[in-house]
Amino acid sequence: MKAHGNNFSTLCELQRQMAQQVVLSSLKGEIRFISGVDCSEVQGRVRAAAVLMSWPQLEELGRSAFEDVCTVPYVPGFLSFREMEPMMKALEALKGPVDLILVDGCGIAHPRGLGIASHLGVATGVPSIGVSKSPLVGSFEEPGEAPLSSSPLVFQGRQVGWALRSRKGCKPIFVSPGHLIDLEGALETVKMALRGYKLPEPIRRADRLSKLRPPKA
DNA sequence: GCGACAG
DNA sequence: ATCTTGTCGC
Ligand SMILES: [Mg+2]
């Protein structure tokens with residue numbers, strides 16, 4: 001899934017094609033393990049991190065990170081071509097079963113319906129949900145101030161996600177289905193993954209880990 | 001044409 | 001995302 005040598009129109013076409021493979025149905029099967037993934041960049045290098053937790057207890061079972069030279073620049077709408085492979089490497093390094101993946105980024109709330117969470121979901125065949133700190137596309141009404149208040153995120157006349165007040169006094173986070181899950185399931189899952197902070201626990205931990213410098217020997 | 005624009 | 005100390009609010 002290299003982005004090298006491809007122009008934007010080609011990448012757009014790839015996204016539109018893969019978006020047709022996205023499945024938005026109720027979550028199937030038992031969920032026992034959930035993973036949170038995020039990616040950071042420091043001095044020309046990308047560092048992806050993944051954290052594995054039990055569900056719904058959310059006890060940490062393992063974590064991993066993968067670092068590499070960063071070649072692809074960040075361009076709105078094409079984040080997956082920059083961060084998806086490092087994230088998959090980190091997920092593979094977990095060496096554990098993953099039933100659901102929470103991704104720092106968008107799911108179907110994307111110009112062509114294939115945010116990084118959806119792209120990762122289709123590529124792995126694992127159910128996924130996108131959680132971002134700001135919306136890439138769509139409009140919404142400010143959720144109520146009460147924690148867990150939510151409002152629809154609408155793009156091109158249809159709901160593609162939610163604005164969720166994940167914590168008192170904080171700006172809302174944006175939740176959208178990635179793959180193999182529906183709007184209601186994505187919202188409920190993220191709510192269940194909150195542990196007193198703005199971000200759901202698996203992503204919060206992956207975010208912290210991705211920002212840690214590789215331990216020096 | 002202009003402005004917006006996940007991380 | 002990153003650059004960065006103190007500061008305001010719950
Ligand atoms: Mg991130």
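Within every chain, numbering begins at 1; the chains are lettered A, B, ... in the order of the sequence lines, protein sequences first and strands thereafter. Just the heavy atoms: all of them, side chains too, but no hydrogens, waters or symmetry mates, feed the values below. Remember, predicted model here, so these are calculated numbers, not experimental data.
- Nucleotide B:dA6 holds its P atom 13 Å from the CZ atom of A:Arg82, rounded to whole Å.
- Counting non-hydrogen atoms of other residues, nucleotides and ligands closer than 6.0 Å to CD of A:Gln57 gives a total above 12.
- Rounded to whole Å, atom P of B:dA6 lies 13 Å from atom CZ of A:Arg112.
- The distance between the ring centers of A:His110 and A:Phe155 does not fall below 6.0 angstrom.
- Judged as a salt bridge (charged side-chain N to carboxylate O under 4.0 Å, His left out), and not counting sequence neighbours, the contacts of A:Arg45 are A:Glu67.
- Across all strands shown, A:Gly77 has heavy atoms under 4.0 Å from base atoms, whether or not it also approaches the sugar-phosphate.
- Remark: DNA chain B takes part in no stem of 3 or more antiparallel Watson-Crick or G-U pairs, criterion distances under 3.5 Å.
- Every residue was checked against the ring-ring contact (aromatic ring centres under 6.0 Å, His included) condition with A:Phe66, not counting sequence neighbours, and none meets it.
- Interatomic distance, CD of A:Glu41 versus OG of A:Ser210, reported as 11.5 Å (0.5 Å rounding).
- Under the 3.5 Å distance criterion, with hydrogens and angles disregarded, a donor-acceptor pair is assigned to the side chains of A:Ser26 and A:Lys28.
- One atom, CG of A:Leu79, and another, C1' of B:dG7, lie 5 Å apart when rounded to the nearest Å.
- Counting heavy atoms from C-beta outward, A:Pro143 and A:Ser151 have side chains that approach closer than 4.5 Å.
- In this structure, the side-chain contact (heavy atoms from CB on, under 4.5 Å) partners of A:Arg16, at least two apart in sequence or on a different chain, are A:Cys12, A:Glu13, A:Arg112.
- For DNA chain C, the contact window with chain A, defined by any atom under 4.0 Å from a protein heavy atom, covers C:dA1 to C:dC10 in 5' to 3' order.
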Can you list, pair by pair, the side-chain donor-acceptor contacts under 3.5 Å of residues 196-207 of chain A, counting residues two or more places apart and other chains?
from     : atom 1 : to       : atom 2 : distance (Å)
A:Glu201 : OE1    : A:Arg204 : NE     : 3.2
A:Glu201 : OE2    : A:Arg204 : NH2    : 3.1
A:Glu201 : OE2    : A:Arg205 : NE     : 2.9
A:Glu201 : OE2    : A:Arg205 : NH2    : 3.4
A:Arg205 : NH1    : A:Glu60  : OE1    : 2.7
A:Asp207 : OD1    : A:Lys211 : NZ     : 3.1
A:Asp207 : OD2    : A:Lys211 : NZ     : 3.2

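- For DNA chain C, no stem formed by at least three consecutive Watson-Crick or G-U pairs, with both atom-pair distances below 3.5 Å, is detected.
- Partners of A:Lys168 according to the salt bridge (charged side-chain N to carboxylate O under 4.0 Å, His left out) rule, which considers only residues two or more places apart in sequence or in another chain, do not exist here.
- A heavy-atom distance below 4.0 Å to DNA chain C is reached by these residues of residues 133-169 of chain A, ordered by number: A:Lys133, A:Lys168.
- Spacing between atom CZ of A:Phe81 and atom C1' of B:dA6 amounts to 14 Å, rounded to whole angstrom units.
- A:Phe8 has its CZ atom 13 Å from the C1' atom of B:dC5, to the nearest Å.
- Between A:Val137 and A:Leu153, every side-chain heavy-atom pair lies at or beyond the 4.5 Å cut-off.
- Taken residue by residue, residues 37-46 of chain A places heavy atoms nearer than 4.0 Å to DNA chain C at A:Ser40, A:Glu41.
- Between A:Met87 and A:Ile116, some side-chain heavy-atom pair lies under the 4.5 Å cut-off.
- To the nearest angstrom, P of B:dG7 lies 9 Å from CD of A:Glu83.
- At whole-Å resolution of the value, CG in A:Asp104 and C1' in B:dA6 are 8 Å apart.
- Taking the side chain as every heavy atom from C-beta outward, A:His119 and A:Phe81 approach each other to under 4.5 Å.
- Under the side-chain contact (heavy atoms from CB on, under 4.5 Å) criterion, A:Pro127 pairs with A:Leu27, A:Leu100, A:Leu180, not counting sequence neighbours.
- Here A:Val42 is tied to no hydrophobic group at all, with no ILVMFWY side chain closer than 4.5 Å.
- Note that CG of A:Leu148 is 6.5 Å distant from CG of A:Leu164, once rounded to the nearest 0.5 Å.
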